[in-house]
Amino acid sequence: MSGKHYKGPEVSCCIKYFIFGFNVIFWFLGIAFLGIGLWAWNEKGVLSNISSITDLGGFDPVWLFVVVGGVMFILGFAGCIGALRENTFLLKFFSVFLGIIFFLELTAGVLAFVFKDWIKDQLYFFINNNIRAYRDDIDLQNLIDFTQEYWQCCGAFGADDWNLNIYFNCTDSNASRERCGVPFSCCTKDPAEVDQQIVIYTKGCVPQFEKWLQDNLTIVAGIFIGIALLQIFGICLAQNLVSDIEAVRATW
């Protein structure tokens with residue numbers, strides 16, 4: 001024996017454990033998001049009566065936690081176990097799933113740029129639909145209040161949009177104490193800083209959101225580009241690891 005051994009292709013430990021470590025964090029974050037979402041639904045009695053999930057006329061913010069948490073859990077599981085066990089099926093699933101998400105994000109960005117007016121109309125419809133359901137769900141109420149306080153706005157295009165809500169509208173048949181009013185989140189925090197006659201925000205949330213996007217375009221674009229590069233990097237690493245695994249198995 002000469003003591004020399006044939007050295008065939010090997011799986012890169014750096015790539016393998018980098019994918020594993022990154023996806024372990026991703027996996028646990030997904031579990032945390034799912035846990036928060038399911039806990040919120042349990043508190044609202046949704047889990048004991050699944051049919052009530054469609055009762056809310058507006059948007060239930062808990063869906064964000066459930067959907068985002070579910071996607072993170074699936075991706076994290078596939079990437080983590082796939083890398084640790086050198087399972088090419090899970091790694092391919094991870095890269096394809098990540099690729100689909102990237103494609104959907106890219107498509108949504110292009111459509112949002114091309115159909116700006118349609119997106120604006122849909123945003124107006126979405127906000128007004130949630131204004132109608134403002135008192136129906138505490139999570140939705142908190143989300144609307146946060147949005148109006150953060151962007152210093154009221155309604156979709158103005159305070160008059162709150163006439164759509166049964167508690168705030170100005171009809172004679174409305175016996176609510178909040179009749180002809182608006183939520184507290186529409187009120188200016190320090191009227192002394194503005195015209196003394198102005199006690200509520202007069203600008204709508206849609207134009208305020210557009211202004212915020214224009215003012216923070218560089219930051220928003222940088223975040224989206226960073227996310228896109230991270231996704232492409234993850235896909236490339238997973239495909240590279242799959243190639244290494246298949247090359248090693250071909251020598252067996």
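- Classification of the F26-F22 ring pair by plane angle, with boundaries at 30° and 60°, yields parallel.
- In the hydrophobic clustering of this structure, F125 does not group with F209; members are Ile, Leu, Val, Met, Phe, Trp, Tyr whose side-chain heavy atoms approach within less than 4.5 Å, directly or through other members.
- Salt-bridge check for K116 with D121: failed, with every basic side-chain N at 4.0 Å or more from each acidic carboxylate O.
- Remark: the Y150 side chain and the D145 side chain contain no N/O donor-acceptor pair separated by less than 3.5 Å.
- Using a 3.5 Å distance cut-off with no hydrogens or angles, the side chains of N128 and Y124 do pair a donor with an acceptor.
- Atoms CZ and CD1, from R85 and I245 in turn, are 11.5 Å apart once rounded to the nearest 0.5 Å.
- Around the CG atom of D117, the shell of radius 6.0 Å holds no more than 12 heavy atoms that belong to other residues, nucleotides or ligands.
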### Verdict with reasoning, F94 to V242, per side-chain contact (heavy atoms from CB on, under 4.5 Å)
CA-CA 11 Å; F94 170 80; V242 168; over 6 Å; no

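- Note that CD1 of I200 and SG of C153 are 11.5 Å apart. Values are rounded to the nearest 0.5 Å.
- With respect to the salt-bridge test (charged N to carboxylate O, under 4.0 angstrom), the residues R249 and E86 do not qualify.
- K203 and Q208 get closest at one heavy-atom pair: CD-OE1, 3.4 Å.
- Judged purely by atom type and a 3.5 angstrom limit, Q141 has no side-chain atom pairing as donor or acceptor with the backbone of R135.
- Taken together, C170 and C180 meet the criterion of an SG-SG distance shorter than 2.5 Å.
- In terms of hydrophobic clustering, with Ile, Leu, Val, Met, Phe, Trp and Tyr side chains grouped at heavy-atom distances under 4.5 Å, V96 and L104 are assigned to a common cluster.
- Aromatic ring pairs are classed by plane angle as parallel below 30°, tilted from 30° to 60° and perpendicular above 60°; the pair F77 and W27 is perpendicular.
- Contact of the L217 side chain with the L213 side chain is not registered, since no non-hydrogen atoms from C-beta on lie closer than 4.5 Å.
- Nearest heavy atoms, Q148 versus C186: NE2-SG, 3.4 Å.
- Between A78 and F93 the shortest heavy-atom distance is CB-CD2, 3.7 Å.
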### Task
Report the C-alpha separation of F103 and T107 in whole Å, then their side-chain angles, then the decisive distance to 0.1 Å, and conclude whether the side-chain contact (heavy atoms from CB on, under 4.5 Å) test is met.
CA-CA 6 Å; F103 175 76; T107 302; 3.6 Å; yes

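- Of the possible donor and acceptor atoms, one in the side chain of N130 sits under 3.5 Å from a partner among the backbone N and O of F126.
- Under the disulfide (SG to SG under 2.5 Å) criterion, C80 pairs with no residue at all, not counting sequence neighbours.
- For the pair F73 and I31, the minimum side-chain heavy-atom distance is below 4.5 Å.
- Between C154 and V182, the closest heavy-atom pair is SG-CG1, 4.0 Å.
- With a 4.5 Å cut-off on side-chain heavy atoms, V66 and F33 do not count as touching.
- Pairing each heavy atom of I144 with each of I131, the nearest pair is CD1-N, 4.4 Å.
- Checked by atom type, the side-chain pair N169/W162 shows no donor-acceptor distance below 3.5 Å.
- No donor-acceptor pair under 3.5 Å is formed between the side chain of N216 and the backbone N or O of I219.
- Listed here is the closest heavy atom pair of L91 and A83: CD2-N, 3.7 Å.
- E149 is linked by a side-chain hydrogen bond (donor to acceptor under 3.5 Å, both in side chains) to nothing, counting only residues two or more places apart in sequence or in another chain.
- Distance alone, capped at 3.5 Å, places no donor-acceptor pair between the R179 side chain and the Y167 backbone.
- Under a 3.5 Å cut-off, the side chain of N240 and the backbone N or O of C236 do not form any donor-acceptor pair.
- The shortest side-chain heavy-atom distance between N174 and I166 does not fall under the 4.5 Å cut-off.
- Using modelled atom types, one side-chain atom of T188 and one backbone atom of V199 make a donor-acceptor pair closer than 3.5 Å.
- Put simply, the side chain of D60 does not reach to within 4.5 Å of the side chain of L140, judged on heavy atoms.
- The distance from the CD1 atom of I101 to the CG atom of L106 is 13.5 Å, given to the nearest 0.5 Å.
- Although no hydrogens or angles enter the test, the distance criterion places no donor-acceptor pair under 3.5 Å between the side chain of N42 and the main chain of L38.
- Follow the hydrophobic side-chain contacts under 4.5 Å out from F146 and you never reach I138; the two are in separate clusters.
- Atom CG of D139 sits about 10.0 Å away from atom CD of E43, to the nearest 0.5 Å.
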### Task
With side-chain contact (heavy atoms from CB on, under 4.5 Å) as the test, would you mind laying out the steps for N165 and R132 before giving the verdict?
CA-CA 5 Å; N165 187 278; R132 293 186 183 93; 5.6 Å; no

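- Between V24 and F20 there is a side-chain heavy-atom pair separated by less than 4.5 Å.
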Which pairs would a plain distance check flag for residues 221-235, meaning a side-chain donor or acceptor within less than 3.5 Å of a matching protein atom at least two apart in sequence or in another chain?
unit_1, atom_1, unit_2, atom_2, d
Q231, NE2, E105, OE1, 3.2
Q231, NE2, E105, OE2, 3.3

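- There is a path of hydrophobic side-chain contacts, each under 4.5 Å, that joins L143 to W63.
- Looking at I81 and N87, their side chains never come closer than 4.5 Å, going by heavy atoms from C-beta outward.
- V248 and I19 fall within a single hydrophobic cluster, where Ile, Leu, Val, Met, Phe, Trp and Tyr are joined by side-chain heavy atoms under 4.5 Å apart, directly or via other members.
- In the displayed structure, Y134 atom OH is contacted under 6.0 Å by more than 12 heavy atoms of other residues, nucleotides or ligands.
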